[in-house]
Chemist: 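Quick one: the structure is below, questions incoming.
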Amino acid sequence: MSSRNSTPFHLLTGLDSALKTAAGAAGLDLALFNPEVRAAEARHGDFQANGVLAYAKQAKANPRDLATKLVAQLPDFVRETCEVTIAGPGFINFTLKPAALLGWMQAYSTPALLAAGAAAARPGEVWIVDYSSPNTAKQMHVGHLRSAVIGEALARIMAFSGAKIIRDNHIGDWGTQFGKLIWAYKRQLDAAALARDPIEEFERLYKAGNAAAEADPAILKEAQQELVKLQSGDAEDLAIWRQIIDASLTAFQQIYDRLGIHFDETLGESFYNDKVPLVYRELADTGLAAESQGALVVFHESHPRFKTQPFIIRKSDGAANYASSDLATILYRADHFRARGIIYVVDSRQRDHFEQLFLTAAEWFRRTRRTLPALHHVDFGTVLGENNKPLKTRDGENIKLKDLLGEAEERAYALVSAKSPDFPEAERRSIAAIVGVGSVQYADLAQNRSSDYLFAWDKMISLEGNTAAYLLYAVSRIHSIFRKEGLQPGDPEAEAGAGAPETPAEIALARKILKFADAVRLANDSLRPHFLCLYLYELAGEFSAFYSADKVLVDDHAIRARRLLLCARTVLMLETGLHLLGLRTLTRM
RNA sequence: GCACCCGUAGCUCAAUUGGAUAGAGCGUCUGACUACGGAUCAGAAGGUUGGGAGUUCGACUCUCUCCGGGUGCACCA
């Protein structure tokens, strides 16, 4: 009896090494041959190897002859598990045999086994995921949505792929806004309003302080004095500041709870306060930074634009800014967390900043003989309204995240109540929360993050097409089948005696189930969750086709067992995948 | 002005990063058995991938150029 994981999680990697072996046996130059195995379109098979084409060109050989020689040398296990054909100019196609499909599905039958299989991608790598990162004393609004949702999904996908993830909320808790805020706090605080909703009161106070400072230069001076007092450790100002931070974090957490987010660290800008002088010193000492117009700046001579566009690391008034703070943060993450890499989930308007930051950090670390972590700016586009402009309320205000999530839940509640009026009120509410918030998350994740994204309630919760509700509906139908039999998905009793898939719909579904491994790998490698969304949508579609073509609960024991196994694996992949995206799932809706 | 991103079916989006006949959903049209949940399924129509040139066995993808849209560019983060 072989161990369970003798079946590789990624069948693709097994083919890759088999092809290399065959290439050696067929006399190819291994230094020049890359098999280029990838998932294929279903009509061509499960996997395809394209490497023969490039090799044939270099070797001036006939690609089809070469492919034939290569296929003849393939190890036995490949022929036992796959149909192998040569097509077109020299593609080698692999179609898994039904017995191999069954073998994989039997080997990967639980979330833990899937996780163990996937974890080989980033074994033990420490990665910092820097996401959400709102400013304190303000409501989270729609502009904060994408970073939170995409960042959480990536953190989960990378952790599932074996990484040790540190989720870090790099909040904006230190800046010039605190002078005006504290000034107004001391003079115009409404204690009742503070008790009712502290963030709204802070926002009101900030606006009041800002308006007063603009109207009267003397007040501006006083506000600046408050900032100086705060930064020099004045006890009263520090206590007010602390209160603002605490209230802000409490408010943020209410949003995070609804989105399924928790952070391992919340190291905001204030945390790096005492760590920026070292940055100034080292960058100046190594000749990387220089004074210009009173500020300390870095130019990059070899860069077409940044040789003249400065990276300002200390303002002319001597204060730090987010460039210096971000540099100090990189050093801390490298030293303290031993991070192999950092991903910044920040919108694409900050591309220049990150390009300059990364260039500067690379040069700084090189000159100080440190090892630089991998740095990735995971950028994303703007959330647009129906008018193709950034999404706002009718009054031109930012839409508060709590209102947006509330509306999503209300819309989902109306829908659930229409479709399932017999469900108890409390259950309809909890379904509405899962479907409503999940729809918002999924709509964001399902699209390639690089582009702007059009926020449309009707499409999001329409429940048709590539939406959370369609996937959740597939999940609940599968649970419904098992519920009817008094079973749980994955129950060994239900699957006992299951044979290999036979009907076209069974085979198509099984082949799609096996693609889970590729979808996770692709999303993980590219840091793009939409590849996983696309997979889940295709899987749900394949299930729906199977469900209408082949009845599951038939009398014939063998047929029933193998179809229940297919249902169990489908729901396993759907639930695991949805959880990786940060969504919650349900068993009926 | 300089730089970066984007332009794919009427609409909203894909295309595994250079692979095979560019795919989905919505909308439109045609069908589905008294069946495990019809929030479903099967099918049809719809394209010179903004225009042009180039690179190669092969281009939505790379290069150049033009057109159109967006964003950033000295001290807010």
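The model shown is predicted, which means the values in this text are computed figures rather than measured ones. A, B, ... follow the sequence lines: proteins, then strands. Residue 1 opens every chain.
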Chemist: Check RNA chain B for consecutive Watson-Crick or G-U pairs with both distances under 3.5 Å and list the runs of at least three as stems.
Modeler: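 Ordered by first number, the stems with RNA chain B (at least 3 consecutive pairs each) read B:1-7 with B:67-73, B:10-13 with B:23-26, B:28-32 with B:40-44, B:50-54 with B:62-66.
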Chemist: So which nucleotide from B/A74, B/G19, B/A39 ends up closest to the side chain of A/Leu415?
Modeler: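 Nearest listed nucleotide: B/A39.
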Chemist: Does B/A20 have A/His44 stacked on its base, where the ring centres are within less than 5.5 Å and the planes differ by under 30°?
Modeler: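 Ring-base stacking flag set for A/His44 and B/A20.
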Chemist: Please check the phosphate of B/U16 (OP1 and OP2 only) for any side-chain N or O of A/Arg528 closer than 4.0 Å.
Modeler: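 Checking B/U16 against A/Arg528, no side-chain N or O comes under 4.0 Å of OP1 or OP2.
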Chemist: Specify the separation, in whole Å, of atom CE of A/Met460 and atom C1' of B/C13.
Modeler: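 After rounding, the reported distance stands at 13 Å.
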Chemist: If the threshold is 4.0 Å, N to carboxylate O, is there a salt bridge linking A/Arg38 and A/Asp518?
Modeler: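 A/Asp518 and A/Arg38: not salt-bridged.
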Chemist: Got A/Gln309 and A/Asp352 here, is their nearest side-chain heavy-atom distance under 4.5 Å?
Modeler: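 They are in contact (side-chain heavy atoms under 4.5 Å apart), so the answer is yes.
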Chemist: Do A/Trp174 and A/Gln231 make a side-chain contact, defined as non-hydrogen atoms from C-beta onward lying under 4.5 Å apart?
Modeler: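 The answer is yes, as the side chains (C-beta and beyond) meet within the 4.5 Å cut-off.
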Chemist: Given side chains that start at C-beta, do those of A/Tyr473 and A/Ser544 come closer than 4.5 Å, heavy atoms only?
Modeler: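 When only atoms from C-beta onward are counted, A/Ser544 and A/Tyr473 do not touch, as no gap falls below 4.5 Å.
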Chemist: Is it the case that B/A74 (base atoms only) and A/Asn321 (side chain only) share a donor and an acceptor within less than 3.5 Å, ignoring hydrogens and angles?
Modeler: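 No such pair is found, so the answer is no.
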Chemist: Got a list of protein N/O to nucleotides 69-73 of chain B N/O distances below 3.5 Å?
Modeler:
unit_1	atom_1	unit_2	atom_2	d
B/G72	O2'	A/Asp352	OD2	3.2
B/C73	O2'	A/Gln309	OE1	3.2

Chemist: Give the residues of residues 434-450 of chain A touching RNA chain B, defined as any heavy atom closer than 4.0 Å, sorted by residue number.
Modeler: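 Of all residues in residues 434-450 of chain A, the ones placing a heavy atom under 4.0 Å from RNA chain B are A/Gln447, A/Asn448.
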Chemist: Under 4.0 Å between a Lys/Arg side-chain N and an Asp/Glu carboxylate O for A/Asp379 and A/Arg449?
Modeler: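 Here A/Asp379 pairs with A/Arg449 in a salt bridge, since their nearest N and O are under 4.0 Å apart.
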Chemist: Considering only side-chain heavy atoms of A/Tyr537, which listed nucleotide, B/C75, B/A20, B/G25, is closest?
Modeler: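 Looking only at heavy atoms from C-beta outward on A/Tyr537, the closest nucleotide is B/G25.
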Chemist: For the side chain of A/Phe531, counting heavy atoms from C-beta on, which of B/C36, B/U16, B/C57 is nearest?
Modeler: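 Looking only at heavy atoms from C-beta outward on A/Phe531, the closest nucleotide is B/U16.
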Chemist: For the side chain of A/Leu553, starting at C-beta, report the closest nucleotide among B/C36, B/C5, B/C75.
Modeler: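 Closest of the options to the side chain of A/Leu553: B/C36.
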Chemist: Among B/A20, B/U16, B/A39, which is the nearest nucleotide to the side chain of A/Ser420?
Modeler: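 Comparing B/A20, B/U16, B/A39 against the side chain of A/Ser420, the answer is B/A39.
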Chemist: Examine B/C6: is either OP1 or OP2 under 4.0 Å from a nitrogen or oxygen in the side chain of A/Ser451? Give yes or no.
Modeler: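 It does not, given that no N or O in the side chain of A/Ser451 lies less than 4.0 Å from OP1 or OP2 of B/C6.
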Chemist: To the nearest Å, give me how far apart CG (A/Leu472) and P (B/G37) are.
Modeler: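 It works out to 17 Å between those atoms.
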Chemist: Using the six-membered ring for Trp and the full ring for Phe, Tyr or His, decide whether A/Tyr547 stacks on the six-membered base ring of B/C36 (centres under 5.5 Å, planes under 30°).
Modeler: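 Yes, the aromatic ring of A/Tyr547 stacks with the base.
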Chemist: Go through A/Lys315 and A/Asn321 one step at a time and tell me if the side-chain hydrogen bond (donor to acceptor under 3.5 Å, both in side chains) criterion holds.
Modeler: CA-CA 7 Å; A/Lys315 300 193 290 181; A/Asn321 64 358; over 6 Å; no
